[in-house]
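Taking it in order: structure first as structure tokens, then the write-up.
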Amino acid sequence: MSTLLVRRARVVVTMDDARREIADGSVFARDGVIEAVGPGAGLPATADVVIDARDHVVLPGLVNTHHHFYQTLTRAVPAAQDAELFGWLKTLYPIWARLTPEMAYVSTQTAMAELLLSGCTTTSDHLYLYPNGVRLDDTIEAAREVGMRFHAARGAMSVGESKGGLPPDALVEDEAAILADTERLIERWHDPARFAMTRIVVAPCSPFSVGRELMRDAALLARERGVSLHTHLAENDHDVAYTREHFGCTPAEYAEGLGWVGPDVWHAHCVKLDAAGIELFSRTGTGVAHCPGSNMRLASGTGPIRALRDAGVPVGLAVDGSASNDSGHLLGEARLALLLQRVAHGPVDGPKAMTAREVLEIATRGGARVLGRDDIGVLAPGMAADLIGVPLDGIGMAGGQHDPVAALVFCHVPKVGFGVVAGRVVVRDGELATVDLPRLVERHDRLARELVAP
């Protein structure tokens, strides 16, 4: 058995039901599970691994509910810098068609490294194209070396340009083959147990790249196998217009008609979700991955996050793809979420305001709920020992000691001081502890050059 003690933090933000914030707090865990949280004087004084958290804010590891890891290879591509969603995709599809298994593996580790250094300990990834022998397995194997909790979403595209879809025909797959591979992945990798490190998600890409039959059959498969469902929905005006033109309904009606609502489903973006859609998601417990940076980058809009939260819809935070953001800094994304809602909905002291603590809640226990997990997102006995520590002595936090918890999102945090996943230290003294980051970045940049300019 192994034990972990994170001791004497300036404040431990538990995110428990009482939202306790414990000054001079400590966390004690055994075999990756928290046994005690409280003032330092009342907890064990020793452990196999001890982290001195003085001058740190300690909080649950952040949860990233939507990403496209492979897109780290195509950040800031000049031709796609100023396009909205559909134009951006059409510009990048031909580049992504050259993706290789090595690129999928390395980009996964790069994206995960960036997430870990920004406070994330659990992530989802949505891989929806599989050229040149790429498999979802490539990303899962990469994740195991890095040490993050991983919800690997088996995405898919089945309707190409010749059939009215957006992607080129060369990037779509046969629907029967998609379902068969999804079943294989569930059988091979999915762990339904509490504290699981790897789960598989059924995730056809979007209304403009898959057929209704695949969406319906995917939902049936997911529920038969007890796994979650994920897709893009109502991302921008063109997305909504496509759904209305091709299916004669709103995005929310499209989802409902195909069985894509319920507590086992979450949709990315939902920027243009209407009032009826919000009510539907509230009534069914359907979740939303909020991607503020990407939504701003592609000029998609702000998202009705205040209305979703007020209606009780599960909302998590996400960085989205690293070619539509173009960052994978999840704590930075929390800051964007806070500021964007204030720009869109102010005044800041009115009923539509979003507070710093609320956005941290969205980034932790909110994301856990969206992913269907009851074992992460909170620091309490019986929960996973997934936690991070943010140092208060850096330049970005200078002068922010009046409320160090709020300062985590009002100020800029370049990277966390430490990160722990399942009781294992994966970030130590602000550096990644599981892979050689300089070598990884060098390899990633070489592959990015090969992909974009072969």
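Note: hydrogens, waters and symmetry copies are ignored here, and every other heavy atom, side chains too, is used.
In this structure, Val390 and Val58 have side chains that are not in contact, with every pair of non-hydrogen atoms separated by 4.5 Å or more. With a 4.5 Å cut-off on side-chain heavy atoms, Val370 and Val315 do not count as touching. Looking at Ser206 and Asp239, their side chains never come closer than 4.5 Å, going by heavy atoms from C-beta outward. Residues Asp386 and Val420 fail the side-chain proximity criterion, which asks for heavy atoms closer than 4.5 Å. Side-chain contact between Tyr105 and Thr139 is absent, with no heavy-atom pair separated by less than 4.5 Å. Residues Leu62 and Thr121 are not in side-chain contact: their nearest non-hydrogen atoms beyond the backbone lie 4.5 Å or more apart. Residues Val13 and Leu360 have side chains not in contact (no heavy-atom distance under 4.5 Å, counting atoms from C-beta outward). Met157 places none of its side-chain heavy atoms less than 4.5 Å from the side chain of Glu173.
Taking the six-membered ring for Trp and the full ring otherwise, the centers of His269 and His66 sit less than 6.0 Å from each other. Ring centroid separation for the pair Phe150 and Phe69 comes in under the 6.0 Å cut-off. Between Phe281 and His267, the gap from one ring centroid to the other is short of 6.0 Å. Remark: aromatic rings of His230 and His126 are close, center separation under 6.0 Å.
Within the structure, salt bridge (Lys or Arg N to Asp or Glu O under 4.0 Å) contacts touching residues 134-143 (residues at least two apart or in different chains) are Arg135-Asp137, Asp137-Arg184.
Not a single donor-acceptor pair under 3.5 Å links the side chain of Thr364 to the backbone N or O of Pro60. Remark: the backbone N or O of Ala76 is paired with a side-chain donor or acceptor of Gln81 at under 3.5 angstrom.
The existence of a salt bridge linking Glu235 and Lys272 is excluded, since no basic side-chain nitrogen approaches an acidic carboxylate oxygen closer than 4.0 Å. Arg149 and Asp375 are not joined by a salt bridge, as no carboxylate oxygen comes within less than 4.0 angstrom of a charged side-chain nitrogen. A salt bridge between Asp445 and Arg449 is absent, with no side-chain N of the basic residue lying under 4.0 Å from a carboxylate O of the acidic one. Note on Glu358 versus Arg306: salt bridge recorded, some NZ/NE/NH1/NH2 to OD/OE distance being below 4.0 Å. The pair Glu253-Arg244 fails the salt-bridge criterion, with no side-chain N (NZ, NE, NH1 or NH2) lying under 4.0 Å from an Asp/Glu carboxylate O. Ion pairing between a basic and an acidic side chain is recognised when a charged N comes within 4.0 Å of a carboxylate O; Glu361 and Arg357 show no such pairing. In this structure, Glu114 pairs ionically with Arg75, as a charged nitrogen and a carboxylate oxygen lie closer than 4.0 Å. Electrostatic pairing of Arg223 and Asp264 counts as a salt bridge here, judged by a charged N lying under 4.0 Å from a carboxylate O. Looking at Arg194 and Asp374, a side-chain N of the basic residue comes within less than 4.0 Å of a carboxylate O on the acidic one, giving a salt bridge.
With a 6.0 Å radius and a threshold of 12 heavy atoms from other residues, nucleotides or ligands, Glu442 has its CD atom at or below the threshold. The environment of CZ in Arg446 is crowded: more than 12 heavy-atom neighbours from other residues, nucleotides or ligands sit within 6.0 Å.
Listed here is the closest heavy atom pair of Thr65 and Ala318: OG1-CB, 3.6 Å. Considering every non-hydrogen atom in both Leu99 and Leu129, the closest pair reads CD2-CD1, 3.9 Å. Here the closest heavy-atom approach between residue Leu136 and residue Leu185 is recorded as CD2-CD1, 3.8 Å. Between Ser300 and Val271, the closest heavy-atom pair is O-CG1, 3.5 Å. Scanning all heavy atoms of the two residues, the minimum distance from Gly87 to Ala83 falls at C-CB, 3.9 Å.
For the atom pair CE (Met215) and CG (Leu229), the distance works out to 8.0 Å, reported to the nearest 0.5 Å.
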- Task: Would you please test Arg19 and Met15 for side chain to side chain contact (heavy atoms under 4.5 Å, CB included) and show each step?
- Result: CA-CA 5 Å; Arg19 304 299 192 272; Met15 284 297 165; 4.3 Å; yes
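His329 and His412 have tilted rings, their planes meeting at an angle from 30° to 60° on a 0 to 90° scale. Between Trp96 and Trp88, the ring-plane angle classifies as perpendicular under the 30° and 60° cut-offs. A tilted orientation is assigned to the rings of His56 and Phe418, their planes being inclined by 30° to 60°.
Relative to the ring axis of Tyr130, Arg154 places its NZ or CZ within 45° and under 6.0 Å from the centre.
Donor-acceptor pairing under 3.5 Å is recorded for the side chains of Ser294 and Asp320. Using modelled atom types, one finds no donor on one side chain facing an acceptor on the other under 3.5 Å when comparing Asp326 with Gln71.
The ring pair (Phe, Tyr, Trp, His ring centres under 6.0 Å) test applied to Tyr93 returns no partner, not counting sequence neighbours.
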